[in-house]
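Reviewing the structure listed below.
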Amino acid sequence: MTSKAEFLGRIRAEIARTRGLGPAAPSVRPGCPRERLEVLRRELSERWRENLERFGRELERVGGVLHRVTHAREVPETIATIARERGMQRVVAWHPAALGLDMTAALAARGLETTTAPEAAGGVTEREWYRARAAAADLGVTGVDLAVAETGTLVVISGAGRPRSTSLLPPCHVAVFDRGTLVESLAQAG
């Protein structure tokens, strides 16, 4: 295992060998961040369709599949279709408060065994129980904190009701997000 300093040193050495790149420097903090944020939100709302198409193309380049729905109530049927197509039965999902959607009953009605994460972090026993359920699950359902169109990247932040194991342990991950989560570029994410 290498140290952080060695790791960063190797990155700096590789960057130094690349032609055309200037030295790294911290970003300048904008003078009026709230105003810039409002302009950015307005621009993104005007171009969300184009951004979503780009996100879908980039997501497919890295092996993902974009499924679009017009309303949140359609999400359980889409998840059930994905599970059915892949022969999956066991689903783990973030807590409904963290996901912004309670699908447990709807997925159960479609024949899927669904376990939701506890709302709070809980004790060691509860975390171990959920982690074991996630490891045995066929499909994990999470929300998304940020979707980046230019790279097809999903940013998923763990926390209470949002265990990392939901997206990492099952062989299939379904990430649910709305257009307010979508940004054009990594620069906008920062």
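- Here the CD-CD distance, from Glu128 to Glu126, works out to 11.0 Å after rounding to the nearest 0.5 Å.
- Closest heavy-atom contact between Tyr130 and Pro163: CE2-CG, 3.3 Å.
- Ala97 and Glu119 make their closest contact through CB-OE2, 4.0 Å (heavy atoms, listed as atom of the first residue, atom of the second, distance).
- Rounding to the nearest 0.5 angstrom, the gap separating the CD atom in Glu58 from the CZ atom in Arg61 is 4.5 Å.
- The side-chain heavy atoms of Val156 and Trp94, taken from C-beta on, include a pair separated by under 4.5 Å.
- Put simply, the side chain of Met88 reaches to within 4.5 Å of the side chain of Leu139, judged on heavy atoms.
- Scanning all heavy atoms of the two residues, the minimum distance from Val148 to Ser185 falls at CG1-C, 3.6 Å.
- A donor-acceptor distance shorter than 3.5 angstrom exists from the side chain of Thr78 to the backbone of Glu74, with no hydrogens or angles considered.
- Counting only residues at least two apart or on different chains, the salt bridge (charged side-chain N to carboxylate O under 4.0 Å, His left out) pairs with a member in residues 78-101 are Glu77-Arg84, Arg90-Asp138.
- Cluster annotation: Ile82 is not connected to Leu169 through the hydrophobic network of ILVMFWY side chains, with a link wherever side-chain heavy atoms come within less than 4.5 Å.
- Formation of a donor-acceptor pair under 3.5 Å by the Asp102 side chain with backbone atoms of Pro96 is not found in this model.
- Side-chain heavy atoms closer than 4.5 Å link hydrophobic residues (I, L, V, M, F, W, Y) into clusters, and following such links, possibly through other members, connects Val75 to Leu107.
- In this structure, CZ on Phe55 lies 13.5 Å from CH2 on Trp48, to the nearest 0.5 angstrom.
- Looking at every heavy atom in both residues, Leu99 comes nearest to Val176 through CD1-CB, 4.5 Å.
- Using a 4.5 Å heavy-atom cutoff, the side chains of Val91 and Thr115 are not in contact.
- The closest donor-acceptor contact from the side chain of Arg110 to the backbone of Ala106 lies under 3.5 Å.
- Counting only heavy atoms from C-beta outward, the side chains of Thr166 and Val141 never approach each other to under 4.5 Å.
- Here CD of Glu184 is found 9.0 Å from CD of Glu50. Values are rounded to the nearest 0.5 Å.
- Met103 and Pro76 make their closest contact through CG-CG, 3.9 Å (heavy atoms, listed as atom of the first residue, atom of the second, distance).
- For Thr142, the side-chain hydrogen bond (donor to acceptor under 3.5 Å, both in side chains) partners at least two apart in sequence or on another chain are His173.
- Nearest heavy atom pair, residue Gln89 against residue Gly111, reads OE1-O, 3.1 Å.
- For Ser165 and Arg131, the side-chain atoms include no donor-acceptor pair closer than 3.5 Å.
- Between the CD1 atom in Ile157 and the CG atom in Asp145 there is a gap of 4.0 Å [rounded to 0.5 Å].
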- Task: Determine, step by step, whether Glu113 and Arg133 satisfy the salt bridge (charged side-chain N to carboxylate O under 4.0 Å, His left out) criterion, reporting the C-alpha distance in whole Å, the side-chain angles of both residues, the deciding distance to 0.1 Å, and the verdict.
- Result: CA-CA 11 Å; Glu113 176 191 328; Arg133 297 291 296 201; 2.7 Å; yes
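- Separating the CG atom in Leu146 from the CG atom in Leu182 is a distance of 8.5 Å, to the nearest 0.5 Å.
- By the criterion of side-chain heavy atoms lying less than 4.5 angstrom apart, applied directly or through intervening Ile, Leu, Val, Met, Phe, Trp or Tyr residues, Leu101 is grouped together with Val69 in one hydrophobic cluster.
- With sequence neighbours left out, Thr125 forms a side-chain hydrogen bond (donor to acceptor under 3.5 Å, both in side chains) with no residue at all.
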- Message: With side chain to side chain contact (heavy atoms under 4.5 Å, CB included) as the criterion, how do Leu66 and Leu52 come out once you've worked through the C-alpha distance, each side chain's angles and the decisive distance to 0.1 Å?
- Response: CA-CA 9 Å; Leu66 179 65; Leu52 186 60; 4.0 Å; yes
